[in-house]
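Because only heavy atoms are used, hydrogens play no part in the values below, and waters and symmetry mates are left out as well, while side chains stay in.
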Amino acid sequence: MVLSELAHYFDKGDLRRIMDHLMGSTVAGSHVIGAPWRGPTDYPLTAEAAHELIGTMPGLKPIVLHQEPAFMLEVWECLP
């Protein structure tokens, strides 16, 4: 699942519900990818806040983190 330029548009409650649904429909070895813009916005969540919430989901293991001033790229693997 690619959440590029998407996750930070939701508030914490909506993103948690989306992630709960996503985690209920993935299989072990699947990947969740986030790559949001890090610049100033009026979105409900910052890139960091969205990725922090995603990273707290049970069953996800972070495997890649790349950060630049303009964006961040993070990949999580779904565990069995």
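Residues satisfying the salt bridge (charged side-chain N to carboxylate O under 4.0 Å, His left out) test with Asp14, not counting sequence neighbours, are Arg17.
Summarising the geometry, atom OG1 belonging to Thr56 is positioned 4.0 Å from atom CZ belonging to Arg16; distances are rounded to the nearest 0.5 Å. Met1 contributes atom CE, which lies 10.0 Å from atom OG of Ser30 (distance to the nearest 0.5 angstrom). With rounding to the nearest 0.5 angstrom, the CD atom of Glu74 is 11.5 Å from the CD1 atom of Ile33.
More than 12 heavy atoms of other residues, nucleotides or ligands shown are found within 6.0 angstrom of CD on Glu5.
The shortest heavy-atom contact between Ser4 and Ala35 is OG-O, 3.4 Å.
A continuous path of hydrophobic side-chain contacts links Leu6 to Leu53 [ILVMFWY only; heavy atoms under 4.5 Å]. Leu3 and Met57 fall within a single hydrophobic cluster, where Ile, Leu, Val, Met, Phe, Trp and Tyr side chains are chained together by heavy-atom contacts under 4.5 Å. Hydrophobic clustering places Phe71 together with Val64 (ILVMFWY residues linked when any side-chain heavy atoms are closer than 4.5 Å, directly or through intermediates). Cluster annotation: Val2 and Val75 are assigned to the same hydrophobic cluster (Ile/Leu/Val/Met/Phe/Trp/Tyr, side-chain heavy-atom contacts under 4.5 Å, transitive). A continuous path of hydrophobic side-chain contacts links Ile63 to Leu73 [ILVMFWY only; heavy atoms under 4.5 Å].
Residue pairs meeting the ring pair (Phe, Tyr, Trp, His ring centres under 6.0 Å) criterion with at least one partner in residues 21-61, sequence neighbours excluded, are His8-Tyr43, Tyr9-Tyr43, His51-Trp76.
Residues Leu60 and Met23 have side chains in contact (heavy-atom distance under 4.5 Å, counting atoms from C-beta outward). With a 4.5 Å cut-off on side-chain heavy atoms, Glu52 and Leu45 do not count as touching.
At a threshold of 4.0 Å, the pair Glu68-Arg38 does not count as salt-bridged, since none of the basic side-chain nitrogens sits closer than that to a carboxylate oxygen.
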